[in-house]
Amino acid sequence: MGLAKEKAYQTLYQNHIKEVNGLTPFLQKLNQNNIKAGLATMGVPSSIDFILGGLNIKSYFQEITIEIV
């Protein structure tokens, strides 16, 4: 059930993914100045990959820490 629900969510949401204004330029500027970026989240790993991949920003994060409860 969980996997089917996740797949349905991704199918419905994929055309609505939108980043916060200025996020990519901000991450690019950090990268250009050799400032490392990390992400801490309680999200489901497949959702994190879905969102970061959909926004094409995963490569800007040197560390991604996931807390699963």
Handout entry: Contacts of type side-chain contact (heavy atoms from CB on, under 4.5 Å), residue E63, not counting sequence neighbours
Key = T65
Using a 3.5 Å cut-off and no angle test, enumerate the donor-acceptor pairs between side-chain atoms of residues 48-62 and protein atoms at least two apart in sequence or in another chain.
residue: D49; atom: OD1; partner: K58; partner atom: NZ; Å: 2.7
residue: Y60; atom: OH; partner: Q28; partner atom: NE2; Å: 3.3
residue: Q62; atom: OE1; partner: A37; partner atom: N; Å: 2.6
residue: Q62; atom: NE2; partner: Y60; partner atom: O; Å: 3.4

Problem - Y9, OH: over 12 other non-hydrogen atoms inside 6.0 angstrom - result: yes
Exercise for the section: Answer with yes or no whether the hydrophobic clustering places L39 together with L30; edges join I, L, V, M, F, W, Y residues whose side-chain heavy atoms lie under 4.5 Å apart. Expected result: yes
Exercise for the section: Could you pull out the closest heavy-atom pair between I66 and G43, with the gap in Å? Expected result: CG2-O, 3.4 Å
N/O donor-acceptor pairs under 3.5 Å from side chains in residues 12-23, not counting sequence neighbours:
residue: E19; atom: OE1; partner: T24; partner atom: OG1; Å: 2.6
residue: E19; atom: OE2; partner: T24; partner atom: N; Å: 3.0
residue: E19; atom: OE2; partner: T24; partner atom: OG1; Å: 3.2

Exercise for the section: With sequence neighbours excluded, tell me which residues meet side chain to side chain donor-acceptor pair (under 3.5 Å) with S47. Expected result: E6
Practice task
Return the set of residues passing side-chain contact (heavy atoms from CB on, under 4.5 Å) with N33 (not counting sequence neighbours), or none when no residue passes.
Solution key: K29, I35
